[in-house]
**Q** 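Take this structure first; my questions come after.
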Amino acid sequence: QVQLVESGGGSVQAGGSLRLSCAATGYTYSIYCMGWFRQAPGKEREGVAVLYTGGGITYYADSVKGRFTISQDNAKNTLYLQMNSLKPEDTAMYYCAADTLGACYSGSWEGEALYNYWGQGTQVTVSS
């Protein structure tokens, strides 16, 4: 079992920055990859970024490349998402997800079904 708890969301003006955190507890050694997803009102949940814990490889959605950075602190079992140059279209509920079955190595990292643990989400609101 793995538990994920996100924090760091809030309200910010366009152009501002936020850093989201995802604290993982439980059998964290079994995590193959961790990702950030977001869901805006009326839209489907979409992948934002992923980090493969084995080698530290990262991937990003085109919409956030160059603005967001995913990273991890192994000592703290915490995943981060540094979000810079925020835009109103970044407004969404942000979720942290973890894959402990290795499914992220066999499919597109953006597929929700690859992740078997999810956090409760943290709201990010960007005003223009």
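Heavy atoms only: backbone and side chains are in, while hydrogens, waters and symmetry mates are out.
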**Q** Do Thr28 side-chain atoms and Asn77 backbone N/O form a donor-acceptor pair below 3.5 Å?
**A** no
**Q** Working to the nearest 0.5 Å, report the span between OG of Ser21 and CG of Leu79.
**A** 8.5 Å
**Q** Under a single-linkage definition using a 4.5 Å side-chain heavy-atom cutoff for Ile, Leu, Val, Met, Phe, Trp and Tyr, are Val50 and Met83 assigned to the same hydrophobic cluster?
**A** no
**Q** Can you measure from SG (Cys33) to CG (Leu114) and round to the nearest 0.5 angstrom?
**A** 7.5 Å
**Q** Output the distance between atom OH (Tyr95) and atom CH2 (Trp118), rounded to the nearest 0.5 Å.
**A** 9.0 Å
**Q** Which heavy-atom pair separates Met34 from Ala98 by the least distance, and what is that distance?
**A** CG-CB, 4.2 Å
**Q** Measure the CZ-CD distance between Phe37 and Glu46 for me, rounded to the nearest 0.5 Å.
**A** 10.0 Å
**Q** Side-chain atoms of residues 3-16: list all donor-acceptor pairs with protein atoms under 3.5 Å, sequence neighbours left out, distances to 0.1 Å.
**A**
from : atom 1 : to     : atom 2 : distance (Å)
Gln3 : OE1    : Thr25  : OG1    : 3.1
Glu6 : OE1    : Gln120 : N      : 3.0
Glu6 : OE1    : Gln120 : NE2    : 3.4
Glu6 : OE1    : Gly121 : N      : 2.9
Glu6 : OE2    : Cys96  : N      : 2.7
Glu6 : OE2    : Gly121 : N      : 3.2

**Q** Membership question, hydrophobic clusters at under 4.5 Å side-chain separation (ILVMFWY): are Leu51 and Leu18 in the same one?
**A** yes
**Q** Within the side chain of Tyr52, is there an N or O that forms a donor-acceptor pair under 3.5 Å with the backbone of Cys104?
**A** yes
**Q** With a 3.5 Å distance limit and no angle check, can you tell me whether Tyr115 reaches the backbone of Trp109 through a side-chain donor-acceptor pair?
**A** yes
**Q** Please determine which of Trp36, Tyr80, Tyr94 meets the side chain to side chain contact (heavy atoms under 4.5 Å, CB included) test together with Cys22.
**A** Trp36
**Q** When rounded to the nearest 0.5 angstrom, what distance separates OG1 in Thr100 from CD in Gln1?
**A** 9.0 Å
**Q** Got a list of side-chain donor-acceptor pairs under 3.5 Å for residues 54-69, not counting sequence neighbours?
**A**
from  : atom 1 : to    : atom 2 : distance (Å)
Tyr60 : OH     : Ile70 : N      : 2.9
Asp62 : OD1    : Lys65 : NZ     : 3.1
Ser63 : OG     : Arg38 : NH2    : 3.4
Arg67 : NH1    : Ser85 : O      : 2.9
Arg67 : NH1    : Asp90 : OD2    : 2.7
Arg67 : NH2    : Ser63 : O      : 2.9
Arg67 : NH2    : Asp90 : OD1    : 3.0
Arg67 : NH2    : Asp90 : OD2    : 3.4

**Q** Check whether more than 12 heavy atoms from other residues, nucleotides or ligands sit under 6.0 Å from atom OH of Tyr27, and answer yes or no.
**A** no
**Q** Output yes when a side-chain donor or acceptor of Thr91 lies under 3.5 Å from a complementary backbone atom of Val126, and no otherwise.
**A** yes
**Q** Measure the spacing between CE of Met93 and CD of Gln39 and express it to the nearest 0.5 Å.
**A** 9.0 Å
**Q** Please check this pair: side chain of Asp99 against backbone of Asn116, looking for a donor-acceptor N/O pair closer than 3.5 Å.
**A** no
**Q** Indicate the atoms forming the closest heavy-atom contact of Ala40 with Ala92, along with that distance.
**A** N-CB, 3.8 Å
**Q** Taking atom types as modelled, is there a side-chain donor on Asp73 or Thr78 under 3.5 Å from an acceptor on the other?
**A** no
